[in-house]
Amino acid sequence: MVLILSGQEVEQVIDIKALIDGVQGTLVALSKGLSINPNRLRIFVQEEKSMLACMPAYLGDIGVLGAKIVGSSGKPQPPGSPRQVAAIVVLLDSQGKFLSVMSGALLGPLRTAATSAVATNCLSRPDASTMAMIGCGVQARVEIQGTLAVRPITQVFAYDINELAAARFAQEITERHGIKVSVAKSSDQAVAEADIVTLATTSAEPVFSASALRAGTHINAVGAHTPQSREMDSDTIVRSKFFVESRQAILSEAGDILIPIKEGRVDESHVLGEIGEVIAGTAAGRMNAEDVTIFKSTGIAVEDVVAAKIVYDAALAKGIGYQLEL
């Protein structure tokens, strides 16, 4: 029997703290070579400005296979419609038996936020209490949720090129989480006030100046994920201690590091470690309170698959979803 879960049913059972714990274990297993995570496969239809991506993975530590299939459109959408038009996670056991098919619409943003939280817990200063949120869309809302699970954030500085979006975000986060959220006049102003900076934009160009960064800042960069796009300038990368979820994925997809490498500003050795290595103690993370640390994420399939397994187990336990025999 295959368990079918709608987006609403996924939302009923998903838990950010469980996702953080699951992603942490998965990233350690990946860095130890226990899991398989190929680069994502993309198909582009230029005349329709559409894209289909497939992201398969095998989690060797728990014996689960899975794949996320995502469709998106670059064409203008009706108000309120997401650019990502489909996201499905398929879950199988190690023998290839189908376990579940579920909506990935909420799962994707939350697994990214959980991954950011794992990195924040590893790399930011333990006393970090202020946060800059650059980009105030769907991802920003769950990034706040993940960060609050690992750090005592008391103040958020929000910036978006759409001032109305930033204002709505500030009001919503204040009401939902009871923390002070101020709308910054510029991205540099937000960054200059923050211990933790999270970048969740669709920009292809750097969204703040390196000169705005304070010593000791930690950055989670989760927006740009193509070789031609980046949210941080080369000066920021050169100044930083740079960490990733997967060297293979980052050095294939992330313009944030590939562009400075092409410019000759850094080389591949600037990637100091994977988060799984930092957690396992095989790579050094933050060394002192003055370090500027960066975690660059493009989103990888092992994170989707472990998130799907957590949701599947929770839904089974609660009797949620529809059982179907294929």
Side-chain angles (χ1 to χ4, degrees), residues 14-24 26-27 106-160 165-166 168-184 187 189-201 207-208 212-214 216-224 231-232 240-241 243-245 275 278-279 285-286 289 291-299 303 307 310:
I14 204 162
D15 177 76
I16 189 65
K17 291 185 178 179
L19 288 184
I20 292 169
D21 290 343
V23 167
Q24 177 166 307
T26 288
L27 292 179
L106 177 63
L107 210 55
L110 274 172
R111 68 88 155 114
T112 298
T115 305
S116 296
V118 171
T120 298
N121 201 35
C122 289
L123 298 174
S124 72
R125 301 192 325 270
D127 64 346
S129 61
T130 57
M131 180 180 180
M133 189 68 244
I134 311 300
C136 296
V138 172
Q139 189 61 48
R141 286 158 169 78
V142 290
E143 289 289 331
I144 295 286
Q145 188 178 348
T147 304
L148 286 172
V150 297
R151 286 294 182 269
I153 302 300
T154 58
Q155 170 82 63
V156 176
F157 300 92
Y159 177 77
D160 195 289
R168 288 174 176 167
F169 172 82
Q171 181 178 354
E172 179 182 328
I173 297 303
T174 298
E175 292 174 354
R176 180 178 298 179
H177 298 291
I179 55 177
K180 184 179 179 181
V181 183
S182 302
V183 176
S187 56
Q189 181 189 55
V191 167
E193 299 286 350
D195 301 320
I196 297 168
V197 174
T198 298
L199 311 175
T201 76
V207 295
F208 70 92
L213 277 174
R214 303 188 304 190
T217 301
H218 170 66
I219 301 171
N220 294 310
V222 305
E231 295 178 291
M232 298 172 287
S240 74
K241 292 190 171 181
F243 300 88
V244 301
E245 56 205 338
I275 289 299
V278 176
I279 296 167
R286 173 178 291 275
D291 285 343
V292 171
T293 56
I294 291 175
F295 170 63
K296 175 58 194 173
S297 171
T298 57
E303 298 158 1
I310 290 167

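What you see is a predicted model, and the numbers here were worked out from it, not measured in a lab. FYI, the numbering just counts along the sequence from 1.
- In this structure, Ser187 contributes its side chain and Val207 its backbone to a donor-acceptor pair below 3.5 Å.
- Enclosure of atom CZ in Arg168 is not indicated, since only 12 or fewer non-hydrogen atoms of other residues, nucleotides or ligands lie within 6.0 angstrom.
- Comment: Arg125 does not engage Asp291 in a salt bridge, judged by the lack of any side-chain N to carboxylate O separation of less than 4.0 angstrom.
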* Asked: For Ser124 and Arg151, what are the C-alpha separation, side-chain angles and deciding distance, and is it a side chain to side chain donor-acceptor pair (under 3.5 Å)?
  -> CA-CA 9 Å; Ser124 72; Arg151 286 294 182 269; 2.9 Å; yes

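- Taking the side chain as every heavy atom from C-beta outward, Thr112 and Val142 never approach each other to under 4.5 Å.
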* **Thr115/Phe295 under side-chain contact (heavy atoms from CB on, under 4.5 Å): CA gap, chis, key distance, verdict** => CA-CA 10 Å; Thr115 305; Phe295 170 63; 3.6 Å; yes

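- No side-chain heavy atom of Val191 sits under 4.5 Å from any side-chain heavy atom of Tyr159.
- The minimum heavy-atom distance between Ala166 and Val183, with the atom names listed, is O-CG2, 3.7 Å.
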* To do: Would you please test Lys241 and Leu123 for side-chain contact (heavy atoms from CB on, under 4.5 Å) and show each step?
  => CA-CA 10 Å; Lys241 292 190 171 181; Leu123 298 174; over 6 Å; no

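- Side-chain atoms of Arg286 come within 3.5 Å of backbone atoms of Gly216 as a donor-acceptor pair (strictly under, hydrogens ignored).
- Note that CD1 of Ile134 is 9.0 Å distant from CG of Asp160, once rounded to the nearest 0.5 Å.
- Formation of a donor-acceptor pair under 3.5 Å by the Glu245 side chain with backbone atoms of Thr298 is found in this model.
- Atom CD of residue Glu193 and atom CD of residue Gln155 lie 8.0 Å apart, to the nearest 0.5 angstrom.
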* Could you please spell out the steps behind the side chain to side chain donor-acceptor pair (under 3.5 Å) verdict for Glu143 and Thr198? => CA-CA 8 Å; Glu143 289 289 331; Thr198 298; 4.6 Å; no

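- Looking at Thr174, its side chain does come within 3.5 Å of a backbone N or O of Ile179 through a donor-acceptor pair.
- One distance of note links CD1 of Ile144 with CE of Met133; it measures 6.5 Å at 0.5 Å rounding.
- Note that CD1 of Ile219 is 12.5 Å distant from OG of Ser116, once rounded to the nearest 0.5 Å.
- Residues Cys136 and Ala140 share a closest heavy-atom pair of CA-CB, 3.7 Å.
- Considering all non-hydrogen atoms of both residues, Gln139 and Pro109 come closest at NE2-O, 3.0 Å.
- Under a 3.5 Å cut-off, the side chain of Asp195 and the backbone N or O of Thr130 do form a donor-acceptor pair.
- In plain terms, the two heavy atoms of Ala184 and Ala190 that are nearest each other are CB-CB, 3.7 Å.
- The distance from the CD1 atom of Ile14 to the CG atom of Leu19 is 4.5 Å, given to the nearest 0.5 Å.
- To the nearest 0.5 Å, atom CG of residue Leu27 and atom CD1 of residue Ile279 are 6.0 Å apart.
- When atom types are taken as modelled, the side chain of Glu231 and the backbone of Gly223 share a donor-acceptor pair closer than 3.5 angstrom.
- Shortest non-hydrogen contact noted between Val118 and Val23 is CG2-CG1, 4.2 Å.
- When all heavy atoms of Ala117 and Gly146 are compared, the pair lying nearest together is CB-O, 3.4 Å.
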